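Some notes on the structure that comes next.
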Amino acid sequence: MAKRIVVDPVTRIEGHLRIDAEVAGGRVRKAWSSGQMWRGIEVILQGRDPRDAWLFTQRICGVCTTVHAITSVRAVENALGLEVPINAQYIRNLVLALHALHDHIVHFYTLSALDWVDVVAALKADPARTAALAQGLSDWPNNGKSRFKAVKEKVQALVESGQLGPFAHGYWGHPAMTLPPEANLMAVSHYLEALDYQRKATQALGILGGKNPHVQNLAVGGVATAINPDNEATLNMDRLYQVRQLLEEVRAFVHQVYLPDVIAVGALYKDWLAHGAGVMNYLAVPDMPLDTAGTRFDLPGGTLFDGDLSTARAFKGFQDPYFRDNVAESIAHSWYEGDWTRHPFEEETVPHYTDFQDEGKYSWVKAPRFQGRPMQVGPLAQVLVGYALNHEPTRRYVDDALARVGTLAKTRVVPAALHSTPGRHLARAIRTAVISDLAVKHWELLVANIGRGDYAICNPPAFPLGEQRGFGFHEAPRGALSHWIVIRDGQIRNYQCVVPSTWNAGPRDGKGQPGPYEAALVGNPVADPERPLEVLRTIHSFDPCIACAVHMLDPSGRETVRVRVL
Amino acid sequence: MARDPQLDALNPKVTRRSFLKACTAAAAALGLADEAVPRLVEAAASPARPPVVWLHFQECTGCSEALLRASHPDIARLILDLVSLDYHETVMAAAGHQAEAALADTLKRHEGRFICVVEGGIPTKDGGVYCRIGGRTAMEILADVAPRSAAVIAIGNCAAFGGIQAARPNPTGAVGVRDLVADHSVVNVPGCPPNPVSFLGTVLHYLTFKRLPPTDHLGRPLFAYGRKIHDHCERRAHFDEGRFAEAFGDANHRRGYCLYKTGCKGPETYNSCPAVRFNDVGAWPVGVGHGCIGCSEPGFWDTMTPFYERLPGVAVPQGRGTVAAADRIGKGVFTVAAAAAGIHAAIGVGRKIWRSRSGGGEG
Ligand code: SF4
Ligand code: SF4
C-alpha cells in the first residue's frame with residue numbers, strides 16, 4: 001500500500017516549502033515540490049528607477065542577499081552596455097566569495113548537519129576517543145579532549161534543563177542515524193564552532209559592504225565603497241588587512257574542519273552515495289570576472305547533459321547568447337493562468353490559485369528549462385561542470401576529496417558518486433575550498449591595482465529614451481541565478497528573476513518532466529513514514545531557499561480560493 | 001552587556017544549583033517542612049529559560065540571518081543559555097508535524113509566558129492565501145499565537161510596517177503586526193534588517209527588567225531609534241560646511257565628504273547605525289560610502305525612493321537653501337499610512353494581546 005507523506009513546513013530552509021511523497025515498500029515512488037508563499041516583488045519593481053532595483057531584489061532573500069544585488073546591477077549594466085571599473089569587479093568578487101563562504105558553512109552545519117548527526121547520541125561519546133577521531137581527520141587546534149568534554153557537558157546541561165529549544169522534536173534515535181557517538185560529538189562541537197566562523201566571514205563582508213546581511217555598497221556601474229589609502233574614512237590598507245585576516249581564519253576553518261567533516265560524513269554514510277541523484281543535467285554560469293566587461297573568469301560555467309562529462313559546453317561571458325537564448329519557464333503546473341513556456345523577456349503572469357492538484361497545478365514556483373530540459377543547479381553543477389571543463393583547482397580538490405572518502409570508507413569512490421545526496425554536500429565543501437583560495441587571490445589583485453594608483457570604483461549609468469533589454473547572471477551559492485530586465489524611458493517595464501531554487505524546486509513542466517527535487521526523491525529510502533528524515537536529507541542537500549523561487553503576480557484577475565487545511 | 005553576571009545566572013546549570021540553595025534557605029526561614037522545598041524549586045526554576053516562539057511570514061529571513069552574525073551575545077549563547085528557542089523554522093531540528101507539535105507544546109506549556117517574535121509581513125488580501133505554513137495562513141497563526149504570548153517583538157521593517165511586500169502597489173495586502181494586533185504595546189524593531197544589537201537589546205531589557213523598553217510613537221525602542229542618523233553621522237561636519245560628494249568615486253567621495261547629494265536619507269531616518277555600527281567591525285553603509293536608504297522608517301520603499309535622488313525638504317548649508325523639488329519623493333507618505341489604516345479597519349482581527357501592560361511601552 002502506498003502512503004502519502006506531507007512535510008509542511010520543511011524547516012531549516014529559507015522560505016515556505018511543502019514536500020509531498022508517495023511511499024511504497026519503504027521507498028519514495030513519486031514526489032511533489034510546492035512553494036507556499038508569494039510576495040510580488042517583481043510587480044512592485046514595475047515603473048521604478050532601474051538604479052534602485054538591486055536594493056529591492058536583494059530583499060528577495062536574506063540568505064542569498066548579496067547574490068540578487070550583484071545579479072541585478074549586472075542585468076542593468078548589460079542592458080546599458082556599461083562596463084564597471086576593475087576595482088569594482090574585484091570588490092564584488094570578494095563580496096560574493098565571502099558571502100559564499102558564510103553561506104556554505106551555515107548550510108552544512110546549521111541547516112543540514114542535524115539530518116545526519118544525532119545530538120542526543122553525542123552524550124554517549126568518550127571525549128578522548130572523539131579527540132582521537134577528530135585528530136585523525138585534521139590538525140585543527142580545537143580538536144582536543146578538553147574541548148569535546150566541555151561540549152558534552154553543554155549538551156548534557158541542555159538535555160537536563162528539559163528545554164531542548166531548537167533541538168526539541170528532532171529525529172533523535174531514528175534508525176537512519178548511524179554515526180558512532182564520537183562522530184556525533186565531534187560534529188556537535190564543530191556545529192558550535194561554525195557559528196563563530198560564519199560570523200567572521202560576514203565581518204569581512206561588512207567592512208567592504210557597509211553591513212551584512214543586505215550589503216549597502218553597490219551601484220549600477222560599480223560599487224560605492226570609496227577607496228583611498230591616504231584617508232581614514234575610506235577603504236584603506238588597515239581595513240583591507242582586516243579583511244585579509246578574517247578571510248584567512250575562515251579559510252583555515254574550511255580546510256581543516258568543514259571539508260574533513262563532510263568527507264567523514266560521506267564515508268560513514270557511504271550507502272547514501274547511491275541515493276538522491278535525480279536530474280543529471282547540470283547548469284552553472286561563470287563567475288569572478290577578471291576584466292571590466294566580463295569575458296574572462298576565475299570560475300567556469302556551462303552545461304552538461306545526462307551526467308555525461310563529455311557533453312560539457314562553456315558559457316563564454318556576460319553576453320553569451322548560448323545562455324541568453326536557451327532559458328524559458330513553464331507554468332503548466334504552477335498557480336498562474338495558462339499553460340505556456342516562455343522566455344523571461346516575454347513572460348506575463350496572471351496568478352490563478354487553485355488547491356494542490358496532484359496532476360494539475362500545485363505550486364507558486366515556475367519550472368525553468370534550458371533547451372526544454374530540467375537542469376540541476378548548485379555546487380554539484382558547479383563542480384561537475386568545472387571538472388568537465390578541466391578547471392584545475394576543481395579537479396585537484398575533487399580527486400583529493402574522493403580519495404579521502406575512499407580511504408575512510410575502504411572502497412574506491414569515483415566521480416560518479418557525486419550524483420547523490422552526500423555528493424551535493426561534498427561538492428559544496430569542495431567549491432567552498434576553491435572559493436576560499438580564490439578570495440585570497442582577488443584580495444591580492446585588488447591591493448595590487450590600488451597600489452598602481454587606480455581608485456576608480458564606478459562608471460555612472462545614463463538611461464537613453466526607448467527600450468533596452470538586459471540579463472545578468474551570477475553563480476550564487478545555491479546555483480545559477482539570472483535576472484532579466486526590460487527598461488523603457490529610464491523606468492523598469494518588466495523584471496524577471498530565474499533563480500537557483502526555481503531550477504531545483506520547480507514542479508513538473510508541460511511535458512510532465514519533474515524538477516530536480518522531485519526526481520531526486522524517487523527511490524529514496526524511508527524507514528519510518530511518521531519521521532521522514534531521509535526525505536529531509538535529500539531536500540536539504542540542495543540547500544533550498546524558497547522565497548526567491550516564488551515569482552511575480554499581476555494584481556488583476558485573481559481568483560480567491562481559501563486553502564484547505566491538511 | 002553579554003558578560004553581565006546576572007545573565008550568567010540564566011545558565012540552566014547555575015540556575016538550578018543556586019535556586020536549590022536559595023529555596024532551601026527560604027523554606028527554613030519560613031519554617032516550612034522539607035517536603036515544601038521541591039515545590040518551591042519547581043516554582044522558582046521553571047521555566048529556566050524564557051521560551052521564544054519565532055514566527056516567519058512574508059520575509060526574506062534577513063532578520064534571522066542578522067542574528068546569526070550577532071556577537072553581544074552571540075547566537076550560540078542566545079539560544080543555548082539565554083532563551084529557549086522552541087520554534088524557529090530556520091534553525092529547528094524538527095520539520096512537518098513534529099515542528100507543529102513543537103509549537104503546540106510551547107503554547108500549551110508556557111501560555112502567557114513566552115516571547116513571540118514575528119519576522120515578516122502578513123498578507124491580508126484574498127484571505128491571506130499568499131503565505132501559509134502547515135496549511136494555516138499567516139493571519140490565522142498570528143491570531144492564534146500572539147494573544148497567548150507574554151510579549152510580541154516585531155523584528156524588521158516587514159513585521160513592523162509591512163516592509164517590501166507592502167510597497168506600491170502592495171499586491172498581497174501586506175501589513176505589519178500592529179495593523180492586526182490591536183495593542184500598541186507591540187514593540188517594533190525595524191530596519192532591513194535591523195541591527196541585531198537593537199533586537200538583542202530589546203530581549204535583554206525584557207529578560208533583565210521583566211518589561212519591554214520605552215518606545216517612540218511608532219513603537220520603536222528609544223535606546224535604538226531615539227535619534228536621527230544625520231545627528232550622529234561621522235560626515236555631519238562636512239554637511240554643515242557644505243562639502244559634498246557629487247558621485248561615487250569622485251575626489252570628494254574619496255575624501256569622505258557628506259553623501260546627501262548622492263541620495264543619503266540620513267536626515268529623515270531614526271536609527272542607531274552611526275553609533276552602534278554593524279558586524280562588530282565598525283562598518284556602516286554611510287561609513288563605507290553609500291547613502292542611508294532609510295530602512296527603519298515606515299513605507300521607506302515608497303517614501304525614500306528613488307534612492308539616488310536627493311531627499312527633499314532638507315536645508316542645505318552654504319547658502320543653497322532648502323531643497324524643495326519633491327517631484328517623485330515624499331508624496332507616498334500619506335498613501336501608505338492611509339492604506340494601512342484602511343486594511344486594519346477592514347480586517348478587525350485586532351485583539352488585546354497583553355495580559356497586563358506591566359510597565360511596558362511607556363513611550
Ligand atoms: S546627509 Fe547622510 S552622509 Fe551626510 S551627514 Fe547626513 S547622514 Fe551623514
Ligand atoms: S544607514 Fe540607514 S538604511 Fe542603512 S541600515 Fe542604517 S537606517 Fe538602514
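Because the structure is a prediction, the values reported are computed rather than measured. Because only heavy atoms are used, hydrogens play no part in the values below, and waters and symmetry mates are left out as well, while side chains stay in.
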Hey, what do you get for CG (A/L235) to OH (A/Y455), rounding to the nearest 0.5 Å?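 If I round to the nearest 0.5 Å, the distance is 11.5 Å.
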
With a 4.5 angstrom heavy-atom cut-off, is it the side chain or the backbone of [X] that approaches chain A, or both, or neither?
X      : value
B/D105 : side chain
B/A247 : neither
B/C273 : neither
B/I293 : both
B/R277 : neither

If you apply the rule side chain to side chain contact (heavy atoms under 4.5 Å, CB included), what do you find for B/F248 with B/Y308, and how did you get there? CA-CA 11 Å; B/F248 297 142; B/Y308 299 95; 3.7 Å; yes

So what's closer than 4.5 Å to chain B heavy atoms on [X]: side chain, backbone, both or neither?
X      : result
A/E530 : both
A/L208 : backbone
A/V106 : side chain
A/N217 : both
A/Q203 : both
A/T225 : both

When heavy-atom pairs shorter than 4.5 Å are enumerated against chain B, which of [options] gives the highest number?
options                      : result
A/L55, A/D52, A/I457, A/V119 : A/D52
A/K200, A/H102, A/R239       : A/H102
A/I5, A/N87, A/N212          : A/N212

Can any side-chain N or O of B/N157 pair as donor or acceptor with the backbone N or O of B/I164 at less than 3.5 Å? no

Would you confirm whether A/T202, through its side chain, and A/R199, through its main-chain N or O, come within 3.5 Å as a donor-acceptor pair?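 Yes; at least one donor-acceptor contact below 3.5 Å.
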
Residues two or more places apart in sequence or in another chain: which of them pass salt bridge (charged side-chain N to carboxylate O under 4.0 Å, His left out) with A/R537?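 None.
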
Name the residue from B/Q165, B/Q58, B/K125 that meets the side-chain hydrogen bond (donor to acceptor under 3.5 Å, both in side chains) definition with B/T172.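 Going through B/Q165, B/Q58, B/K125 one by one, the side-chain hydrogen bond (donor to acceptor under 3.5 Å, both in side chains) with B/T172 is satisfied by B/Q58 alone.
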
Does the pair A/D230/B/R255 count as a salt bridge with the N-to-O cut at 4.0 Å?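 Result for this pair is no, no salt bridge flagged.
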
Lys/Arg-Asp/Glu bridge criterion (N-O < 4.0 Å) met for A/R51, B/E309: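 B/E309 and A/R51: salt-bridged.
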
Considering residues at least two apart in sequence or located in another chain, which fulfil the side chain to side chain donor-acceptor pair (under 3.5 Å) criterion with A/T57? none

